[in-house]
Amino acid sequence: MQVSLMHHTELKICSHAIRTCWQSFEKGDEGGDVDKELIYRVGNKFKHASTLEHLNYTFYIQGISRACLQELARHRHASLSVKSTRYTLKELRNEKEFAPFDFKRAEKYLVLCKNEEVDNASIAALERLRLILQGTISLDLAKYCLVESYKTELTWTANARSLQNFLELRSSKSALWEIQNLAHAIFEALPKEHRFLFEDFVNK
Ligand SMILES: Cc1cc2nc3c(=O)[nH]c(=O)nc-3n(C[C@H](O)[C@H](O)[C@H](O)COP(=O)(O)OP(=O)(O)OC[C@H]3O[C@@H](n4cnc5c(N)ncnc54)[C@H](O)[C@@H]3O)c2cc1C
């Protein structure tokens, strides 16, 4: 999978929001160490976490499975715009046959889990779909036989509070392996100067 950070709010917006409560703007340092300490203390330590909602992060996430997407989509305090299979499944029409054990070619469309039996079953489903698409069938019908391992991509926006919750739940060893990988990749994509807000929530 690939995760890139497209946009983020500057820390000084969050410290300004916090300082609004006490009108202590003159004590700020434009998102420097003083402001960072304040954001950590108020947002994380004192749990006045609504102040963290002023920090937004937009990621472009590519190459996750629809199984992983389904779990990501359960995080209600985030916004998603997902590649539509209704419009894009025609990408399979011009492909050549997907043969068993041809993991290299299949990986363009499938998230493989490195279990031969499961991955070959995914390839068989992909090939079946490819054959169905050779006819005049509408994509709205063809999409119903998609496998969960089919790759997708999305633009995902979350605020810092929601992101903390996501990282805590999904970097846990009890989460699905793929969303654990996604949680770590999202953390790695964060600006270095923002990571202090999230480090306590990531299961190393
Ligand atoms: C290990 C693991 C296993 C899971 N297994 C399953 C499963 O088997 N079946 C299944 O259906 N789901 C499962 N889930 C998904 C889980 O139930 C949540 O839907 C998902 O993790 C999103 O978490 P969230 O609700 O905290 O996030 P968000 O929807 O982003 O919400 C963030 C926070 O806002 C608050 N909030 C949001 N909505 C409400 C509300 N309506 N009322 C009150 N407070 C609210 C809560 O404090 C919540 O933590 C699993 C998750 C994990 C991590």
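These numbers come from the heavy atoms of this one structure, side chains and all, not from hydrogens, waters or symmetry mates. Note that ligands are numbered from 1 as they come in the structure, with each ligand's atoms numbered from 1 the same way.
- For atom 47 (O) of ligand 1, the nearest protein heavy atom is 4.0 Å or more away.
- When distances from atom 25 (O) of ligand 1 to the protein are checked, a heavy atom turns up under 4.0 Å.
- Ranking the protein heavy atoms by distance from atom 27 (O) of ligand 1 puts Asn165 ND2, 3.3 Å first.
- Salt-bridge check for Glu95 with Arg105: passed, with a basic side-chain N closer than 4.0 Å to an acidic carboxylate O.
- Closest protein heavy atom to atom 23 (O) of ligand 1: Leu169 CD1, 3.5 Å.
- Between Tyr144 atom OH and Ile137 atom CD1 the span is 12.0 Å, to the nearest 0.5 Å.
- Atom 19 (O) of ligand 1 has as its closest protein heavy atom Arg74 NH2, 3.4 Å.
- In this structure, the side chains of Ile39 and Ile18 come closer than 4.5 Å at one or more pairs of heavy atoms.
- Per-atom contact check: atom 29 (O) of ligand 1 touches the protein, criterion being a heavy-atom distance below 4.0 Å.
- Atom 3 (C) of ligand 1 has Arg170 NH1, 4.9 Å as its closest protein atom, hydrogens excluded (heavy atom only).
- Of the protein's heavy atoms, Arg76 NH2, 4.5 Å lies nearest to atom 45 (C) of ligand 1.
- Ring pair Tyr150/Tyr109 is parallel by interplanar angle, where below 30° counts as parallel and above 60° as perpendicular.
- Within a 4.0 Å radius of atom 52 (C) of ligand 1, the protein has at least one heavy atom.
- By the 6.0 Å contact criterion, CD on Glu117 is open, its count of non-hydrogen atoms from other residues, nucleotides or ligands being 12 or less.
- Taking a distance limit of 4.0 Å, we find that atom 37 (C) of ligand 1 is approached by some protein heavy atom.
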>> Walk me through whether Arg130 and Glu127 qualify under salt bridge (charged side-chain N to carboxylate O under 4.0 Å, His left out).
In response: CA-CA 5 Å; Arg130 188 192 69 84; Glu127 173 58 11; 2.8 Å; yes
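- The only option from Phe187, Phe201, Trp156, Tyr57 that meets the ring-ring contact (aromatic ring centres under 6.0 Å, His included) definition with Phe166 turns out to be Trp156.
- Among all non-hydrogen protein atoms, the one lying nearest atom 1 (C) of ligand 1 is Ser174 O, 3.5 Å.
- For atom 10 (C) of ligand 1, a protein non-hydrogen atom is found at a distance below 4.0 Å.
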> Could you walk me through whether Lys83 and Glu91 pass the salt bridge (charged side-chain N to carboxylate O under 4.0 Å, His left out) check?
Replying inline: CA-CA 12 Å; Lys83 177 179 175 182; Glu91 67 193 2; 3.1 Å; yes
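- Among protein heavy atoms, atom 34 (O) of ligand 1 sits closest to His77 CD2, 3.4 Å.
- Between Lys151 and Glu107, some side-chain heavy-atom pair lies under the 4.5 Å cut-off.
- Protein heavy atoms are absent from the 4.0 Å sphere centred on atom 5 (N) of ligand 1.
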